[in-house]
Amino acid sequence: MGYLLDYPVAPELQAFQEEVREFLRAHLTREVVEERQSGEWGNGLGRHGRRFLREMGKRGWLGLTWPAEYGGLGKTVMHRFILAEEMEYADAPQLGTGPSIVGPCLMLYGSDGQKREFLPGIARGEIAFALGYTEPEAGSDLASLQLAAREDGDEYVLRGQKIFNTETHVADYVWLAARTDTQAPKHKGISLFIVDAHSRGLSVQPIYTAGDHRTNIVFYDDVRVPRRNLLGEPNKGWYYLATALDLERFFPVSGVIRQLELIIWHAKQPRPGGGSPLIEDALVRRRLAELVVQAQAVRSISYRMAWLLGQGSVPNIEASILKLYLREFAQRVGRAGVEIMGLYGQLRPSSALAPLGGEVEKYHRASPVLTISGGSSEIQRNIIATRGLELPR
Amino acid sequence: MGYLLDYPVAPELQAFQEEVREFLRAHLTREVVEERQSGEWGNGLGRHGRRFLREMGKRGWLGLTWPAEYGGLGKTVMHRFILAEEMEYADAPQLGTGPSIVGPCLMLYGSDGQKREFLPGIARGEIAFALGYTEPEAGSDLASLQLAAREDGDEYVLRGQKIFNTETHVADYVWLAARTDTQAPKHKGISLFIVDAHSRGLSVQPIYTAGDHRTNIVFYDDVRVPRRNLLGEPNKGWYYLATALDLERFFPVSGVIRQLELIIWHAKQPRPGGGSPLIEDALVRRRLAELVVQAQAVRSISYRMAWLLGQGSVPNIEASILKLYLREFAQRVGRAGVEIMGLYGQLRPSSALAPLGGEVEKYHRASPVLTISGGSSEIQRNIIATRGLELPR
Amino acid sequence: MRVELSPGLGFTGEQEMLRQSVRAVLGEQCPLPVVRAMEQDEDGFPVGLWRQIAALGWLGMLAPEEYGGGGRSFLDAAIVLDEMGRALFPAPYMWTVLCGEVIASHGAREQRARYLPMVASGEALLTLAWTEAAGVWRTDGLVTRLQGGRVHGEKCFVPYAGSATHLLVAAKDGGGRTVVCIVRRRQAGVTAAPLRTAGWDKQDVVTLDGAAVEEVIADGEAALEQALVLGTAMQCMVMAGMAQRVLEMTRDYAKSRVQFGRPIGNFQAVQHHLANMAVDTDISRAMAYQLAQRIAEGKEYALEASLAKAFVAQAAARVMDTGHQVHGGIGLITDHAMQMYFLRLKPLTNLLGDADFHLRRVERAMPAMAAGAPR
Amino acid sequence: MRVELSPGLGFTGEQEMLRQSVRAVLGEQCPLPVVRAMEQDEDGFPVGLWRQIAALGWLGMLAPEEYGGGGRSFLDAAIVLDEMGRALFPAPYMWTVLCGEVIASHGAREQRARYLPMVASGEALLTLAWTEAAGVWRTDGLVTRLQGGRVHGEKCFVPYAGSATHLLVAAKDGGGRTVVCIVRRRQAGVTAAPLRTAGWDKQDVVTLDGAAVEEVIADGEAALEQALVLGTAMQCMVMAGMAQRVLEMTRDYAKSRVQFGRPIGNFQAVQHHLANMAVDTDISRAMAYQLAQRIAEGKEYALEASLAKAFVAQAAARVMDTGHQVHGGIGLITDHAMQMYFLRLKPLTNLLGDADFHLRRVERAMPAMAAGAPR
């Protein structure tokens with residue numbers, strides 16, 4: 001990793017960091033990266049991505065911090081932090097919903113049967129999950145979701161619609177939030193299910209978003225799920241998903257730092273038509289220097305998160321601060337990149353003249369999503385103000 | 001006026017503009033400016049300021065747009081706009097509460113007796129008013145003011161406290177908002193009064209604010225006001241003050257443009273210790289160029305205001321946009337000024353080494369008030385969103 | 001509703017009618033799906049509609065009547081451009097009219113007579129082939145050469161070169177003087193290779209391999225300076241129209257989208273986002289229209305054009321960003337209008353100089369500002 | 001309450017106690033009215049309290065034990081500085097300790113032995129006389145000269161020169177080398193004229209008219225570089241403490257101030273203002289403390305100091321501005337705490353280099369960043 005601003009790595013972890021880098025050099029092939037960048041296969045559930053994840057699984061890294069009984073290695077949070085940063089920096093497939101959300105949730109709330117059925121497969125990278133939360137009318141206000149799960153004997157019957165469910169078309173299972181009680185207050189009628197992604201009645205319609213990422217509208221037309229695939233107790237889904245979220249708060253910052261490095265590298269090169277390097281322009285230099293300062297800022301609060309998690313804390317305010325600052329920073333990086341490139345900054349990756357293969361253009365084009373998905377900037381500010389500063393709701 | 005960015009002046013108004021400039025050269029003496037800048041006498045109610053205003057009165061300029069019967073000249077809004085811009089640019093005393101608020105209000109809602117008693121004196125610059133609105137618990141939420149006006153025979157008895165009533169210690173009268181009905185909804189129990197500033201029971205305690213401006217806490221301890229000094233009908237004060245506000249919406253922009261000119265002038269001078277002029281630094285130059293762009297922006301919407309007023313419109317949304325942008329712009333100018341001056345930017349006017357006599361330092365120091373007083377930026381945004389864009393309250 | 005505020009100048013009844021007519025025609029003939037379809041269209045613009053707007057007199061609006069034009073005020077063109085921005089009209093209207101104006105101002109009489117009627121009739125689609133590999137809007141450093149009536153060089157970022165009939169090519173002649181060559185697009189020596197831009201607008205790399213020149217505008221410096229400043233003013237109108245539409249769209253969405261039991265437009269954070277968008281949009285419109293009026297009055301406007309572009313380009317970008325933020329996920333779908341406005345702003349902010357470029361022009365004018373000492 | 005978040009490192013129990021002790025002492029002995037009174041005080045700092053903090057070991061905290069110091073971690077000093085920022089402690093603590101550290105690192109053994117015990121005992125108040133009329137923190141261009149054991153020159157913006165006992169004077173010697181002269185303040189050749197600053201902090205113009213030099217630190221370049229980077233790190237701590245206090249104060253005000261029938265902290269616009277303040281404050285603290293830890297660990301930190309100062313100076317200024325905005329009118333009264341924090345931030349952001357200065361240092365380090373090509 002990282003020419004720009006290294007994060008502090010304790011001496012006893014350096015070997016692990018080196019091992020991860022070694023692994024990435026060996027297994028993060030061009031095919032894997034290109035497949036991921038194509039945006040067609042979610043965060044890494046194409047043919048090459050899955051092979052890569054299985055390789056990770058062989059090393060136990062998908063369950064790095066899990067106890068051995070669930071196929072994990074029982075390593076520390078700092079190991080997990082290093083793994084996340086190194087993978088993000090290298091633009092590797094993300095660990096995904098299975099290792100990050102489903103696994104921790106099952107360990108806490110799953111039945112013995114569920115643990116047996118899914119945990120080893122997740123840890124080995126053989127079972128891939130897609131997230132099934134968002135609905136057209138339930139975006140920021142997730143708790144108002146409406147997809148109905150009706151009990152019918154030993155099964156639940158699902159009916160409704162999801163949107164922005166990115167990996168449903170390539171996953172094996174969906175980790176689905178559905179409404180099991182329509183009378184209860186909205187937070188109290190939600191349950192979580194494991195749904196076979198190839199179930200009868202489940203159909204997928206592709207949509208494409210900024211940055212050419214494929215995501216999906218997913219229709220559930222009387223999809224039947226066995227009761228054993230319900231997580232924990234019915235109507236406690238909101239509680240489960242909130243705790244799971246608190247457990248695995250890794251927001252690696254090295255992806256945007258890599259973008260910034262690319263931009264700085266580009267700024268040092270001779271320009272088309274024979275102009276002097278951009279970095280010799282005082283205004284460009286200053287703009288990049290400001291971003292380097294912000295990169296250091298983001299490093300500080302990212303490292304702090306890892307440190308707190310390592311102390312056994314549940315740093316949710318700190319997570320909101322990190323998300324908020326990191327994502328707005330990433331937007332500034334993307335904007336600065338395309339702006340200093342001038343006319344060349346508008347060229348897409350498919351254009352032969354595009355600087356850096358168009359990567360920064362695409363990054364900028366996709367960047368509006370950053371401050372919207374996974375809790376918008378407004379939601380983060382609400383959390384910081386009301387939960388962090390205890391201002392009256 | 002104005003080396004930087006002139007506003008468009010129709011040919012038929014150029015003579016008037018020149019007349020104003022001529023007048024300012026003759027009557028805006030150093031004493032007047034210094035007295036005003038001292039901050040001790042409000043916006044121009046010291047000895048010199050009053051003499052200056054009387055000179056203006058002689059020319060009919062205090063009632064420039066008023067009908068002749070009230071001592072006015074019956075000129076157009078564009079005349080008024082030019083007068084306001086030229087005076088502000090020259091840092092002359094402001095016309096003040098009498099000509100800007102009391103006069104227009106009396107013309108609309110005053111009794112014949114009130115008109116006779118006050119309008120000519122205001123127009124001649126012989127009667128000066130202070131504004132008496134704000135209270136400790138009624139800042140942005142002015143309608144919640146509590147100062148009580150109790151009827152007692154042919155008089156009202158005032159009891160309560162005002163704050164930030166800047167000119168009460170130097171004015172002849174106070175234009176006071178008080179509560180005459182404590183049972184009615186808060187907007188419906190307010191009345192406006194003309195109160196002799198030397199009334200028995202009225203006492204003034206000085207406070208100083210950012211930029212060393214004197215203002216006051218004013219105590220009303222059973223101050224008696226004759227009923228004839230009530231404006232219009234009781235409990236309609238809120239309506240009166242809102243309309244008056246809509247009538248005279250001049251927010252001259254030339255004051256901040258003058259600051260920007262000063263800063264640009266300074267940036268072109270050799271530096272202490274023999275350095276090259278600041279403007280040769282690409283970063284300083286760019287920062288100033290951005291401000292010049294914003295100055296042009298502010299000019300556009302200021303000119304638009306005058307144009308609309310000239311058309312007989314009541315541009316309240318446009319006024320909110322102008323106030324919001326102008327004041328935030330002014331803060332940016334002040335900040336840029338002190339920042340590019342580096343260590344010298346912290347020197348107060350009393351310091352011999354202070355660049356530009358410390359004027360920019362003081363401007364910056366006082367600038368937080370801009371986005372707070374007279375309707376904070378938040379209030380302006382609320383107005384734009386709910387009244388302008390009709391978003392649900 | 002008060003979403004669209006006066007820019008601070010008066011429109012004639014005729015001008016109000018023109019605006020309504022443009023809005024109606026584009027609203028009917030060129031809704032967003034048509035704009036989207038044009039991204040992959042071979043012609044690159046709606047050919048039928050082009051003929052129609054020619055017939056409506058929009059293309060010849062500014063040209064003198066003796067050349068088949070309407071001889072109308074620049075303010076009329078400003079209204080058309082504002083509305084075209086609002087509709088994202090996907091055709092080289094601005095470029096054709098701009099090049100026509102350059103010919104009208106700097107072309108010889110026979111050049112005017114040759115091209116302006118073709119512009120007015122919709123027969124000619126003109127574009128400006130100025131920048132080269134360096135990607136700058138300057139005349140020093142131009143590599144393209146005019147030699148013996150033929151032109152050699154490579155031009156980058158040429159708008160609508162694929163569909164244009166004629167190119168106005170910035171070049172140096174044998175004596176090193178800047179000239180503008182008028183070159184017919186369809187000929188052996190001219191090839192155009194499309195660039196893939198973020199906005200899916202049409203920009204090409206044009207190779208001039210001894211292309212025959214029809215006419216030469218001798219005072220290339222003046223012609224290109226006019227193209228720059230007039231084109232910049234036109235872009236400001238287009239961007240102002242785009243921002244206005246995004247403001248309205250976002251306002252409407254905020255009123256209808258319900259989250260947490262109420263319309264999101266009821267949340268103060270969203271209200272303030274929209275207020276900021278309104279301020280940026282309103283000032284952009286005021287600046288753009290006041291600039292247009294200045295041009296219509298025949299005043300000097302080079303500095304004002306740069307001031308306006310520096311403001312409007314940045315303000316419109318903020319409007320797009322905030323519009324996205326208010327729309328949330330739905331605005332990120334590539335077919336959503338928000339995405340289209342967001343991406344199509346880029347060519348406007350980039351071509352004929354971005355904010356940085358125009359701020360540099362402002363900087364060059366600064367020594368003359370605040371020339372006098374303080375009192 | 002969660003207003004103060006962990007900066008991402010562990011404090012020992014002893015360090016937690018130190019923080020409590022500093023907060024208690026300053027809270028009791030140095031409330032804001034004392035700070036305000038010091039603005040016009042002749043000594044310029046609370047003399048009695050100075051003796052007390054010497055007795056508490058805060059002044060000698062960093063010095064080696066052999067010179068009467070505590071030999072403690074820089075993190076301990078960071079805690080003291082954080083708390084002093086929070087309290088606006090009006091005394092040259094930072095400057096004295098900083099100069100002591102410079103002597104400890106770059107002074108000869110006898111120089112250490114001469115001054116460090118005086119620092120620890122509170123007897124010596126040291127300050128740094130570096131910048132001259134040009135107002136820059138550089139060693140090229142220094143006009144002040146050391147000749148024959150005496151120093152000549154004029155120093156501007158010298159903090160607390162009025163109350164200092166010794167000045168560390170940046171000068172050039174006869175050979176043009178940069179040296180640091182240790183000069184006793186009370187002597188015929190030294191006069192100090194107070195500057196009137198926005199922050200009413202103490203800064204002076206110091207005239208050195210053949211002042212006798214007690215000691216010379218020969219490697220002035222290294223000594224001044226250390227003064228710059230270590231002082232910068234110390235300022236970051238002080239500013240972080242100030243921001244933290246302003247955040248808390250503003251939060252409390254927003255909870256209690258009622259407008260439109262509810263606490264203003266209930267309005268989303270105010271909540272988001274406060275959230276932004278919390279982000280700026282929290283990151284400032286995290287950066288400042290992580291920098292302090294880096295220093296405590298003995299690692300290289302020059303670039304990190306500039307990165308931190310560039311961030312913290314700008315972030316703290318935003319915190320002050322937003323704090324003012326939330327407080328409204330009341331915060332503008334000169335005696336209000338908001339005014340005091342707002343104005344006292346200026347010397348901290350300005351002395352030892354403002355954000356611009358430190359960004360230039362970052363720029364100089366940039367060529368080495370991102371050295372490799374993309375994959």
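Protein chains get the first letters and strands the later ones, always in sequence-line order, with residue 1 at the start of each.
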Would you mind telling me which of [options] has the largest number of heavy-atom pairs within less than 4.5 Å of chain C?
options	value
B:Ser313, B:Ala297, B:Ser377, B:Ala282	B:Ala297
B:Pro392, B:Ala306, B:Ala385	B:Pro392
B:Arg286, B:Glu378, B:Gln294, B:Arg285	B:Arg286

Check your understanding: Which residue out of C:Asp356, C:Ile283, C:Leu359, C:Leu274 racks up the most heavy-atom pairs below 4.5 Å with chain B?
Key -> C:Leu359
Study note, to complete from the structure: Heaviest contributor of heavy-atom pairs below 4.5 Å to chain B, chosen from C:Leu247, C:Val362, C:Asp282, C:Val270, is C:Asp282
Keeping [X] on the side-chain end and [Y] on the backbone end, is there a donor-acceptor pair under 3.5 Å?
X	Y	result
C:Arg251	B:Leu389	yes
C:Glu363	B:Ala289	no
C:Asn266	B:Arg393	yes

**Study point:** Close side-chain approach of B:Asn382 and C:His272, heavy atoms under 4.5 Å
**Key:** yes
Exercise for review: Decide yes or no on side chain to side chain contact (heavy atoms under 4.5 Å, CB included) for C:Gln290 and B:Tyr303, but give the supporting numbers first.
Suggested key: CA-CA 10 Å; C:Gln290 289 179 28; B:Tyr303 176 81; 4.0 Å; yes
Point to revise | Shortest non-hydrogen contact from C:Lys255 toward B:Glu390 | key: NZ-O, 3.1 Å
Exercise for review: Return the minimal non-hydrogen interatomic distance between B:Arg304 and C:Ser6, and the atom names on each side.
Suggested key: NH1-O, 2.7 Å
Which distance, rounded to the nearest 0.5 Å, do you find between the [atom1] of [X] and the [atom2] of [Y]?
X	Y	atom1	atom2	result
C:Tyr289	B:Ser300	OH	OG	14.5 Å
C:Asn276	B:Tyr325	CG	OH	11.5 Å
C:Glu304	B:Arg299	CD	CZ	12.0 Å
B:Leu308	C:Leu5	CG	CG	8.5 Å

Exercise for review: With sequence neighbours left out, write down each residue that passes ring-ring contact (aromatic ring centres under 6.0 Å, His included) with C:Tyr341, or none if nothing qualifies.
Suggested key: none
Between [X] and chain B, which part of the residue has a heavy atom less than 4.5 Å away: side chain, backbone, both or neither?
X	value
C:Leu291	neither
C:Gln271	both
C:Arg360	both

Review point. Heavy-atom distance under 4.5 Å to chain C: side chain of B:Thr386, backbone, both or neither?
Key: side chain
Practice item. Show your reasoning for whether side chain to side chain contact (heavy atoms under 4.5 Å, CB included) applies to B:Glu261 and C:Met369. Key: CA-CA 7 Å; B:Glu261 286 183 3; C:Met369 295 173 187; over 6 Å; no
Check your understanding: What do the steps show when you test C:Met366 against B:Lys268 for side chain to side chain contact (heavy atoms under 4.5 Å, CB included), and what is the final call?
Key -> CA-CA 10 Å; C:Met366 266 175 46; B:Lys268 292 194 290 187; over 6 Å; no
